[in-house]
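Read the numbers this way: they start at 1 and go in the same order the structure lists the ligands and their atoms.
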Amino acid sequence: MAAKHPIPSELVAIFRSARRVAVLTGAGVSAESGVPTFRDAQTGLWAQFDPAELGTPEAFARNPRLVWDWYAWRRELVERVDPNPGHVALAALEAALLQRGAQFTLITQNVDGLHQRAGSRNVVELHGNIRRVKCSAEELVVESWPETGELPPPCPRCGAPLRPDVVWFGEMLPAEAFALAERAAVESDIFISAGTSAEVQPAASLPWLALDHHAAVVEVNPEATPLTPQATYVLAGPSGVVLAQLVKAVWPEAS
Ligand code: BV8
């Protein structure tokens, strides 16, 4: 059966000779696992809330219980879903490249941990991870806390409210993670931007940084984004299908 999303033979050749590949993923890569993206309508109780409004330090200061419950709802959703073929294809891509002595960096804006569950190893989490909780005062990750019924739970060490270990709008990204991501973008031969609206900064600056350093930038998205006109290759379609097709075209034995 002919591939619905044919991969240009030129791109296949570039992948086969690539020495350094970097990937930036966004919420779209988790969409086929059933995790709602930011710009899709939020289902259920949260339809009337704007995530950019809930995911801020101000919202947490104003209504810590509401923000804690929103993240508890999302955490429970993420625990229930599985990685999709797009996550699996990225793990296969990493394994195939490492086997050939090439380097691979997976930079994600997602906080769901699905890349790690699919087997990806070198994962740079720019926006934290919803499965981790930290003290809102000490910024230290907390593994467990007494169930007092109080929500958000108080930090077992200092009593300040606990919060999800994610980067909210208006907060700085983890410096080391972003430095790793910038270096991967600068050094990459190929930079894949998959499932991201390419709007949230400073993550959205990474494909442009790769372009400035003469990488071949490949966009994987069913819709156009601000990056589309400049991308070297545009593979329009769902990442679960396109990324699987890409790995199969480049390394049939790896898929
Ligand atoms: C910061 C964790 C410094 C929380 C998130 C210019 C420079 C610097 C900053 C800014 C700037 N302009 C504005 C800002 C502020 C802000 C920002 O970027 N705002 C945007 C809205 C303009 N940035 C910040 O605040 C960042 N911090 O810059 O610090 C600073 C400090 C103080 C003052 C100023 C600056 C922090 C940003 C991090 C926010 N936290 N997540 C949580 O998850 O609750 S971001 C959040 O949004 C998620 O991580 C999510 O990933 C991201 C949305 O982006 P996408 O991943 O792209 O998701 P989206 O829904 O938008 O798009 C999905 C795409 O998938 C679509 O294109 C769709 O077509 C596609 N798709 C759908 N289905 C599929 C698919 N693709 C493939 N396959 C499919 N099946």
Side-chain angles (χ1 to χ4, degrees), residues 4-5 23-43 46 49-60 66-75 77-78 81 83-90 106-115 123-134 163-175 177-179 181-182 192-209 218-228 231 234-246:
K4 188 155 180 288
H5 306 275
V23 184
L24 172 68
T25 62
V29 167
S30 294
E32 290 157 86
S33 294
V35 180
T37 66
F38 270 69
R39 283 150 183 76
D40 293 348
Q42 290 276 347
T43 53
W46 306 103
F49 292 101
D50 168 2
E53 185 45 37
L54 271 172
T56 65
E58 294 75 19
F60 186 68
L66 175 68
V67 174
W68 176 269
D69 285 352
W70 186 53
Y71 280 91
W73 173 74
R74 288 176 59 194
R75 194 165 29 246
L77 172 81
V78 162
V81 302
N84 66 62
H87 296 108
V88 173
L90 289 173
L106 175 51
I107 306 156
T108 189
Q109 299 173 88
N110 300 340
V111 297
D112 54 34
L114 288 174
H115 286 303
V123 180
V124 177
E125 292 180 322
L126 291 184
H127 296 159
N129 188 313
I130 199 169
R131 304 158 73 109
R132 285 194 305 267
V133 166
K134 70 180 180 182
R163 57 163 283 184
D165 184 19
V166 298
V167 178
W168 279 331
F169 286 98
E171 291 187 319
M172 301 297 282
L173 273 59
F178 194 62
E182 282 186 312
I192 301 174
S193 177
T196 179
S197 58
E199 286 171 19
V200 173
Q201 295 294 352
S205 65
L206 293 168
W208 300 93
L209 191 58
V218 183
E219 181 174 58
V220 177
N221 196 312
E223 295 167 5
T225 73
L227 178 66
T228 308
V234 177
L235 305 179
S239 48
V241 175
V242 171
L243 291 173
Q245 293 279 11
L246 176 64

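Backbone and side-chain nitrogen or oxygen atoms of Ala27 are examined, and one is located within less than 3.5 angstrom of a nitrogen or oxygen of ligand 1. Considering both main-chain and side-chain atoms, His127 comes within under 3.5 Å of ligand 1 through a nitrogen or oxygen pair. Between Gly170 and ligand 1, at least one N/O pair is under 3.5 Å apart. Considering backbone and side-chain atoms together, Pro202 places no N or O closer than 3.5 Å to any N or O of ligand 1. Inclusion of Trp168 in the set of residues having an N or O under 3.5 Å from an N or O of ligand 1 is not warranted. For Trp70, no nitrogen or oxygen atom sits less than 3.5 Å from a nitrogen or oxygen atom of ligand 1, counting backbone and side chain alike.
Distance check, rounded to the nearest 0.5 Å: CD of Glu32 to CG of Asn84 gives 5.0 Å. Interatomic distance, Leu235 CG to Glu219 CD, rounded to the nearest 0.5 Å: 9.0 Å. Annotation: the span from Thr108 atom OG1 to Leu126 atom CG amounts to 7.5 Å, rounded to 0.5 Å.
Put simply, the side chain of Glu125 does not reach to within 4.5 Å of the side chain of Val111, judged on heavy atoms. Val167 is listed as a side-chain neighbour of Pro174, based on a closest heavy-atom distance under 4.5 Å. Looking at heavy atoms from C-beta onward, Leu246 lies out of side-chain contact with Val220 at the 4.5 angstrom threshold.
Counting atoms of ligand 1 from 1 in the listed order, those under 4.0 Å from a heavy atom of Val111 are 2 (C), 43 (O). Listed by number with element, the atoms of ligand 1 under 4.0 Å from a non-hydrogen atom of Val167 are 2 (C), 4 (C), 5 (C), 38 (C), 39 (C), 40 (N), 41 (N).
Contact annotation for Ala31 and ligand 1: only side-chain heavy atoms (C-beta onward) come within less than 4.0 Å of the ligand. Of the heavy atoms in Thr196, both backbone and side-chain atoms come closer than 4.0 Å to ligand 1.
Distances from atom 36 (C) of ligand 1 to the heavy atoms of Glu219, Glu171, Glu32 show the closest one on Glu171. Among Arg74, Glu199, Gln201, the residue whose heavy atom lies nearest to atom 43 (O) of ligand 1 is Arg74. Between atom 51 (O) of ligand 1 and the options Met172, Gln109, Glu125, Glu223, the minimum heavy-atom separation is to Gln109. Summarising the contacts of atom 47 (O) of ligand 1 with Val67, Leu54, Leu173, Val200, the nearest heavy atom is found in Val200.
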